[in-house]
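Following: one structure in C-alpha cells, then a few remarks.
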Amino acid sequence: MMDHDPKGATRRDMLLAGLAGLGAAVIKIEPAAATPESMRRAIHQVVGEAPVRKGKVSIDVPPLVENGNTVALAIEVESPMTSQDHVKAIHVFNEKNPQPNIISARLGPRAGRARVSTRFRLADTQTIVAIAELSDGSFWSASADVIVTLAACLEDLS
Amino acid sequence: MTRALINVPPKAKRGQVIEIKTLISHIMETGYRHDNMGKPIPRDIITQLTCSYNGEEIFRADLYPAIAANPFVTFHTVATESGTIAFEWTGDNGFHETASAKITVE
C-alpha cells in the first residue's frame, strides 16, 4: 500500500494530493462528481416508480474513516429468506464519488441469510444508501453517514 | 498475475447457513485518475462476480469502480448437498478468473 511507502516524499505527495482533492471538492460549486441528484437517478433506475420505505436494512460501516481507499461495509436485511419471502437484491449507492453505484448483489432463498459485505472507496465525506429489493416487489432502504479524512479516487499518481 | 482466495467451510450440516468469503487480487483502476503526465488512466476493473453451487447460480454481484482494490466480497448460502462451489470473476480487458471449493454436507 502507498501509505506504507518508506520514502517520505511519496507519502507527502500523496497527502498533498489528498488535501488538494478535499479542497477542490469543497470549493467546487457544481462538482463533476456524483451528487445527491445523480444518486437519485441511479436509485430511480433500480426501483423505478416503486416507493422505497425506510427499514429492514442495516448498514454496518465505520462512522469515521481515516483512509477512503478501503472502507469495510456490510449490509444486512431482515428476512426469513424462504422461497415465498426473500431478498432478491441489495444495491448500495453513494452521493459524492465520481459514480453513484457501489455494488449490486443478487441473491435468493438459497442464501439463507441476507448479508453481504465488501470493501469500497469513498471520495469524500458523504451519505451512503442501501436498498433491498424483496421477492414481493417492495423496496426497503437505510442510509449511513461516513466522515472521510483522506479521500480516495481524486488523487493522481505522483 | 491474478490470484483468488476463497474461504468455504469444508464441512457443514445439512441446512446450515455458511459464510463464503472471496478475495481476488486486482488493481480496480477507477478510470478517474491521471498519471504524472496528466494522461487519464483507463478503467480496469472487475465488473462481475458469480457463484454457483453444483451448477446452480446462488449469488451474483455487479462491481463498480467504487469497490476497493483487491475486491473482497462475502455472502451466505445454505449448505444443501455435498459438491462444488464455483466462483467466476469477469472484468475489463477480457479479465476472467475462476476458482472452486469442495464442500461435504452431512
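Ranked by heavy-atom pairs shorter than 4.5 Å toward chain A, the options B:T77, B:V17, B:I67 are led by B:I67. Between chain B and the options A:P109, A:A111, A:A105, the largest number of non-hydrogen pairs under 4.5 Å is found for A:A111. Highest contact tally toward chain A, considering only B:E19, B:Q16, B:Q48, B:E56, is held by B:E56 [criterion: heavy-atom pairs under 4.5 Å]. Options A:S104, A:A74, A:G68 differ in how many heavy-atom pairs under 4.5 Å they form with chain B, and the most are formed by A:S104.
In this structure, B:R14 does not pair ionically with B:E81, as no charged nitrogen and carboxylate oxygen lie closer than 4.0 Å. Using a cut-off of 4.0 Å between Lys/Arg side-chain N and Asp/Glu carboxylate O, A:E133 and A:K88 are scored as salt-bridged.
Figure legend: cation-pi geometry between A:R110 and B:Y53, with NZ or CZ positioned under 6.0 Å from the six-membered ring centre and within 45° of its axis.
Using a 4.5 Å cut-off between heavy atoms, B:T50 does not touch chain A at all.
When all heavy atoms of B:V105 and B:S82 are compared, the pair lying nearest together is N-OG, 2.8 Å.
Relative ring orientation between B:F75 and B:F87 is described as tilted, the plane-to-plane angle lying within the 30° to 60° band.
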